Amino acid sequence: MSAVQHRFTSYIFIASLVILLLILFHLQREINQLKDDRRKNSFLLERFSDLIELKEERNEPFSDEFPTPFTPVKNEQQYIIVYNRVPKTGSTSFIGLAYDLCKTNKFNVLHLNVSRNSHVMSLSDQSRFVSNVTDWTQKQPSLYHGHIAFIDFSKFGVQKKPIYINLIREPLSRLVSYYYFLRFGDNFRPYVVRKRQGNKVSFDECVEHGDRDCDPNNMWLQIPFFCGHSAECWTPGNEWALKQAKKNLIEHYLIVGVTEKMHEFVAILEATLPRFFKGATNLYEKGLKSHLRKTYNKVEPSTETVSKIRDSKIWQMENEFYQFALQQFNFIKQRTLIEVEDSFTDVGNQFFYEKIRPRR
Ligand SMILES: *[C@@H]1O[C@H](CO)[C@@H](O)[C@H](O)[C@H]1NC(C)=O
Ligand SMILES: *[C@@H]1O[C@H](CO)[C@@H](O)[C@H](O)[C@H]1NC(C)=O
């Protein structure tokens, strides 16, 4: 190779190197530019979804200026469930499931403690409760539970009503359970001294002597819990209260289960409100024993006692309400669940859309 030729190849080599470097430099700049754009875009996107959420919160309709590629944010964040639990219906076992699930399923559970165990609130307290529950968005999705009679949120002028759920029990079983609970407590809080601690009178003896604790009027509880905060609701034997309780059950409650069928109740909730109850059925089946709160020393009443109680007007009315709830529950259950090997699951989506027009 001559010296001239050699120098020529070197020039070519250096020139190619320079060009290559220039290309690389250019590419790097392009990449940076792209990254920058993406950052800006995602920032815009975030701002945009904030805006949409804000609009949703104000309940404003979407204006037409919005370009369409964004799907509206689901307002599931604003779910509120109120479970106005009736004492001695298995509510502690049930709410235990919610406490076990709240972390995984990302919702809040809040116990409403009403002073002196009163089941009715003053009007001003109702108003404070309604606006607090509605406005406390940091806690939503939220599940409130407490021994409180039904409150109609719309009376207080709020737009969003909560989802009501409840669980009721055959009225005599509930009374017997409560009777022994007051005397012996339960395995849930065994250390708590109960109101009638030390009293050894059985339910049968109580009925025989006509004592206050087994007075049929004590069964007047599930009707008023559903009837609500009107005066008549709390008058034992009031016919209007029974009607109103049924009406509220249908109009305001998503689902009312019965203690005797808690398994199915949990499965329906999981199928219907998975946002809260995903995994609940499995948890219930696994932890059946640990969740079950058991009243100590409970003795089943004799047939004589049972027939005596069943003669009372209060039992008959409360039982009518219970049967009414049970009928609704079975009706829902039949269409919602299938039973497979002692477990219940959602029958699944049974509807679809067709003939969607105009075609695109
Ligand atoms: C409600 O609060 C009172 C007073 O703090 C307390 O003694 C009571 O145990 C609470 N009730 C429940 C069911 O936790
Ligand atoms: C609701 O009440 C709780 C407890 O009193 C309070 O901490 C919270 O700030 C209230 N939330 C709203 C939105 O008023």
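As the structure is a prediction and not an experimental result, all values here were calculated from the model. When a ligand or atom number is given, it counts from 1 through the structure's own listing order.
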### Query
Are E318 and R174 close enough for a salt bridge, meaning some N to O gap below 4.0 Å?
no
### Query
What residue and heavy atom of the protein are closest to atom 13 (C) of ligand 1, and at what distance?
H111 CE1, 3.8 Å
### Message
Can you tell whether the side chains of R128 and D125 come within less than 4.0 Å, N to carboxylate O?
### Response
yes
### Query
Does the side chain of I268 reach to within under 4.5 Å of the side chain of L337, using non-hydrogen atoms?
yes
#### Entry: Nearest-neighbour protein heavy atom for atom 7 (O) of ligand 2, which is reported as residue plus atom name and distance
W136 CZ2, 3.9 Å
### Query
Is the shortest distance from atom 2 (O) of ligand 1 to a protein heavy atom below 4.0 Å?
yes
### Message
Give me the residue, atom name and distance of the protein heavy atom closest to atom 12 (C) of ligand 2.
### Response
N132 ND2, 3.3 Å
### Any side-chain donor near an acceptor of the partner, E320 and W315, under 3.5 Å
no
### Contact bool for atom 5 (O) of ligand 2 (protein heavy atom, d < 4.0 Å)
no
### Query
Quick one: does H147 get a heavy atom under 4.0 Å from ligand 1?
no
### Task
May I ask you to identify the nearest protein heavy atom to atom 8 (C) of ligand 1, giving residue, atom name and distance to one decimal place in Å?
N113 ND2, 3.8 Å
### Contact atoms of ligand 2, heavy-atom distance to D135 under 4.0 Å
13 (C)
### Query
N238 and E232: side-chain contact (heavy atoms from CB on, under 4.5 Å), yes or no, with the steps?
CA-CA 7 Å; N238 188 289; E232 285 93 337; 3.6 Å; yes
### Query
So which of F226, F150, F225 actually passes ring pair (Phe, Tyr, Trp, His ring centres under 6.0 Å) with Y164?
F150
### Minimum-distance protein heavy atom relative to atom 9 (O) of ligand 1
R189 NH1, 4.3 Å
